[in-house]
K.L.:
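Next up is a structure, given as structure tokens.
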Amino acid sequence: MSVDRVLNIAKTITTMKIKLPISGETITKTMILTDRHRSIKSLLDKNFRENF
């Protein structure tokens with residue numbers, strides 16, 4: 001898959017950060033909704049980035 005194609009897919013992925021009011025903890029969720037998103041899911045994995 002080309003870099004341009006990966007970047008175009010990545011532009012459509014939404015990441016939400018929600019701060020819990022009582023604990024102050026922040027939860028982060030990345031929305032992988034489509035087959036196109038799933039095709040680059042491994043690039044979003046923290047372990048993939050640390051071992052690359």
Side-chain angles (χ1 to χ4, degrees):
M1 190 178 302
S2 73
V3 173
D4 288 335
R5 182 167 176 147
V6 170
L7 291 174
N8 285 332
I9 295 169
K11 289 177 188 177
T12 65
I13 295 175
T14 301
T15 298
M16 299 172 52
K17 289 186 178 185
I18 301 169
K19 185 174 182 181
L20 302 176
I22 295 173
S23 66
E25 178 185 1
T26 301
I27 299 173
T28 303
K29 296 288 182 183
T30 302
M31 308 300 284
I32 306 294
L33 302 174
T34 67
D35 288 335
R36 291 178 58 211
H37 294 160
R38 287 182 199 90
S39 69
I40 65 167
K41 183 178 177 181
S42 64
L43 299 175
L44 304 173
D45 184 12
K46 182 179 178 184
N47 292 325
F48 174 81
R49 291 178 296 194
E50 289 175 353
N51 295 324
F52 185 64

K.L.:
Are Leu7 and Leu44 connected in a single hydrophobic cluster, I mean Ile/Leu/Val/Met/Phe/Trp/Tyr linked by side-chain heavy atoms less than 4.5 Å apart?
P.N.:
no
K.L.:
Do other residues, nucleotides or ligands put more than 12 heavy atoms under 6.0 Å from Arg5 CZ?
P.N.:
no
K.L.:
Does one hydrophobic cluster hold both Ile9 and Met31, with members joined at side-chain heavy-atom distances below 4.5 Å?
P.N.:
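In one cluster: no.
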K.L.:
Should Leu43 and Ile13 be regarded as members of a common hydrophobic cluster, given that ILVMFWY residues are connected when their side-chain heavy atoms come within less than 4.5 Å of each other, either directly or indirectly?
P.N.:
yes
K.L.:
For the residue pair Gly24 and Lys19, what are the closest heavy atoms and their distance?
P.N.:
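It is O-CE, 3.6 Å.
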K.L.:
Same hydrophobic cluster for Met16 and Leu20, using side-chain heavy-atom links shorter than 4.5 Å among ILVMFWY?
P.N.:
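Not linked; separate clusters.
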K.L.:
How long is the straight-line distance from CG of Asn8 back to CZ of Arg36, given to the nearest 0.5 Å?
P.N.:
7.5 Å
